[in-house]
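Computed from a predicted model, the values in this text were never measured in an experiment. Residue numbers start from 1 in every chain, and the chains themselves are labelled A, B, ... in the order their sequence lines are given, proteins ahead of strands.
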Amino acid sequence: MSTTQELVAPPAPAGWKRALGKARSNPTTAVGVVICIIIMAAAILAPWVAPYDPADQDIFNRLQPPSAEFWLGTDQFGRDILSRLMWGGRISLTVSLGAIFAAAIIGGAIGLISGYIGGRFDLFVMQVMDVLLSFPSLILGLIVVALLGPELINLVVAIALTAIAPFARVARAPTMALKERAFVEAGRALGFSHTRVLFRHILPNIMSEVMVMGTLWLATAVRVEASLSFIGLGVKPPTATWGGMTRDGFENILDAPWLAVFPGLAILFLVLGLNMVGDGLRDATDPKLRNE
Amino acid sequence: MTGFVLRRLLAAVPTLIAVLTLVFIIVRIVPGDPALVILGDQATPEAIAALRTRLGLDRSLWAQYFSFITSALVGDFGVSMVTGRSIMAEVGAVLPHTIDLTLASMIFGIVIGVPVGIWAALHRNGVVDVAARVLSLLGLSFPVFVSGIFLLLAFSLHWRWFPVIGSADLSDYGDRLHKLVLPTVALGLVMAAYITRVTRSAMLQSLGEDYIRTARAKGVPWRRVVWVHGLRNASIPIVTVVGLYVGILLGNSVLTEIVFNRPGLGKIIVGALNQRDYTMLQGLMVIYCFLIVVVNLITDLLYGVIDPRVKAE
Amino acid sequence: MTAPVLIVEGLRKHFVAKKGFPKPRTIRVRAVEDISFTIHAGEAFGLVGESGCGKSTAARALLRLIEPDAGTVTWKGENVLTAKGAALKALRRRMQIVFQDPYSSLDPRQSIGSALMEPMHVHGLAEGQEARRRAGALLEEVGLPPAALDRFPHEFSGGQRQRIGIARALTVEPELIVADEPVSALDVSVQAQVLLLMQDLRKRRGLSFLFVSHDLSVVRWFCDRVAVMYLGRIVEEGPAGRVLANPMHPYAQMLRDASPVPDPARRGVLPRIIGEIPSAANPPPGCPFHPRCVHAMPQCSQVMPGWTLAAGDNQGGVACHLHG
């Protein structure tokens, strides 16, 4: 290993701050952040800013095209599409955030512990993760929701289940690399418990990988939730969900194509925004690009 | 090479058995007696008992598990609880449609993704590169049913180039191909986007290596450097992504089949879910997993072909 | 002579791996085969040998950073290898380690202050302001400004990080420091500063050292006694001056002749390095050094040489048939 001169290196912001600064200067990330903020704001503020009640049926205004009165038109029951989209966003975000949060914690802990312990235990755990991975995630989600019933909490469980194995893998690889680093050995030599080494020293060092993964998988979770509702396994009607609205619109595609197009675009934009943010974060935290 | 293939084949067996076990457990922990679900609340106890015997539910869990594993390993998944037909026969009838679609989407993804990725890598930060990056990010954000609906709206309803109904006669190859176009694009879009990105970054990395500089210094023509030295070394990540993505393609084919109203595994699985056809679900899960295990195996073998170091290990 | 603090007897560590399919072969790497030595209070004991001879493994095994397979390690009469829980934690306070690579020995996301205060907290030595005061004092002791407390490892150079690593080892007030190639990753100019610091600390705090290195000139300068390791065994041991100037074992002679001589006038022909170090997975029978030895005799390839004491008082010994 080469060495540096005996000088104090110029102070540089550590880890996350540096990554965030770098991500902010990337136009893709900036656009992604704006998209995500707009959609999240619309979803959070839906009860106060949505022009209509999402469940209000108005038989005199059925299948209206977009107009000044109904910005994005109305569906076959005369419900306002814009209002339903804003409320549907709440479901998408709740389910996806809940599922990814759960998967990151459970999967991250599995990967962390398995990678740290290593040996046969690690082989066994990773074999189990491989089995989970060998189910196509949509199929696994489909079956779990179908068996448990289409409730919001079950959607969270189903989507979390599909994401646990990837998180375990993402947490495990850097854990295995880190446990060979001398600072882990130093901690053991100083009498630190395994728990302390694992959670105080290894965990903070793998957080950026897990967070980047989380953003990217949030996009996948939004897509899977929408897909499940599209198939008819989402939160039950009359609750508005983006996937369900797309499905309703698809049934009326000849009469009112906008019914399917607007919810489809909403899903597309949210997934795109999340992918842009995740991409930027990954580039900013990628050790290969970090020194550029 | 034989030892390598054998090793990988044997390594797949425990995975398969584990998958079977997991499927068995998932189906067993479902609340409710399947016999009761099928026959409804009004069924007489005698009828329920008879059905339980027919389904083998009256045997011990171990006996059920053992017979499930042994028959599944020889490809027998029993009969559908709803139609009474053999599951292999029902699946076999529609499997060609799903395989058509998955393979076509995979080829679509590779044919679009690899050249575009190479092109973008060779003109880093140029117009093509920026366009490829933006479009691929957009492409991989499309849920399959959204891209499917947009394609239907544009090419079937507006321009009427392609049929709305996607079910094709398997023996009429022209018809089969014609009806495959839109579903393939819808399903393959995400794959093409992913392959573009991976090819681009793998090529960028591989072109920055010393052996590329050496090859150029030796006077190897640039075209040959890119296609032989660059691409060969970039192909491991590409193969990995293709392998990983086949699973996602299989899952997403369910959505494609709904949107384009095509027959296939997806249609069967949705039907089985609605009718609580447990034996069918059990069989389908195993078949999906089996397909993925096979794909992983092929990916592993391809690694060995591309990279001699893998075989030696 | 002062009382022994650390006694290592018959320490052994083998690494076992299974390789190959369909017929798996068990590969047993005999990293440490049989190591015995004693370190006295305030003494600096050197462990030298080529890379791969097992010296770092031995150092880690006696600290229980890896679990040895056999042997005994005794710290002031207490058995280190059977210690558990609180007893092990208490023993860890007594023996600390300084690592070779200053870039990986500090947690990149932990401030220097936190890295120094954490061990004090774990061992209940000091908390809060008191811990911070102690950490600052330790930094000054190793020649860094207390302002470094709030900085992160990446803001420091290799030599500075090594000083921080030493300060961290001192937080628990150890009596023995295992220094595993502590300067070999540093620039030559920095090496001297770090060595001087350790020498200074040793005198001031009365520390004992186990100094693991491949660099004979560094060991000669720093250590009182030295053991030469070859393929997991100690082949010669004795006072540093005697062993490094007038080695008895042919391997130790080879090492001496291979190490650079500072005075160009005394430099002779290129050092005679014969052959390569055999794999520890497949050690030769008899004396492990015989395939490379210029003095090899027939019995060398059959019989493991015993331990012969060197002439004179406390001059150590050697494992070689030439002297047996």
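With a 4.5 Å cut-off on non-hydrogen atoms, B/Phe150 touches chain A through its side chain but not through its backbone. In this structure, the portions of B/Leu138 lying under 4.5 Å from any heavy atom of chain A include both its backbone and its side chain. If you measure heavy-atom distances from B/Leu22 to chain A, the contacts under 4.5 Å come from the side chain alone. With a 4.5 angstrom heavy-atom cutoff, B/Val270 touches chain A only via side-chain atoms. Neither the backbone nor the side chain of A/Thr220 comes within less than 4.5 Å of any heavy atom in chain B. For A/Leu274, no part sits under 4.5 Å from any heavy atom of chain B, backbone or side chain. Heavy atoms closer than 4.5 Å to chain B are found in both the backbone and the side chain of A/Leu142. For a residue to count as touching a neighbouring chain, one of its non-hydrogen atoms must lie under 4.5 Å from one of that chain's; by this rule B/Leu137 touches chain A with backbone and side chain alike. Both the backbone and the side chain of A/Ala226 come within contact range of chain B, with heavy atoms under 4.5 Å apart. Heavy atoms of A/Ser227 lying under 4.5 Å from chain B belong to its backbone as well as its side chain.
Atom CD1 of A/Ile231 sits about 8.5 Å away from atom CG of B/Leu273, to the nearest 0.5 Å. With rounding to the nearest 0.5 angstrom, the CG atom of A/Asp130 is 8.0 Å from the CG atom of B/Asn296. Here the OG atom belonging to B/Ser141 is positioned 9.5 Å from the CG atom belonging to A/Leu270, to the nearest 0.5 angstrom. Between A/Ile139 atom CD1 and B/Met285 atom CE the span is 10.0 Å, to the nearest 0.5 Å. Between the CZ atom in A/Arg223 and the CG atom in B/Leu140 there is a gap of 7.0 Å [rounded to 0.5 Å]. The distance from atom CZ of B/Phe145 to atom CD1 of A/Ile267, rounded to the nearest 0.5 Å, is 4.0 Å.
In terms of heavy-atom proximity, A/Leu138 sits nearest to B/Gly251 at CD2-O, 3.3 Å.
Within 6.0 Å of CZ in A/Phe121 there are more than 12 heavy atoms belonging to other residues, nucleotides or ligands.
With chain A as partner, the option from B/Cys289, B/Ala18, B/Ala272, B/Ser147 having the largest number of non-hydrogen pairs under 4.5 angstrom is B/Cys289. Per-residue counts of heavy-atom pairs under 4.5 Å with chain A were compared for B/Leu281, B/Val146, B/Val295, B/Leu250; the largest is that of B/Val146. Between chain A and the residues B/Ile258, B/Leu291, B/Val293, the largest count of heavy-atom pairs under 4.5 Å involves B/Ile258.
Proximity of B/Val254 to A/Phe230: side-chain heavy atoms (C-beta onward) are nowhere separated by under 4.5 Å.
B/Arg133 and A/Asp279 are not joined by a salt bridge, as no carboxylate oxygen comes within less than 4.0 angstrom of a charged side-chain nitrogen.
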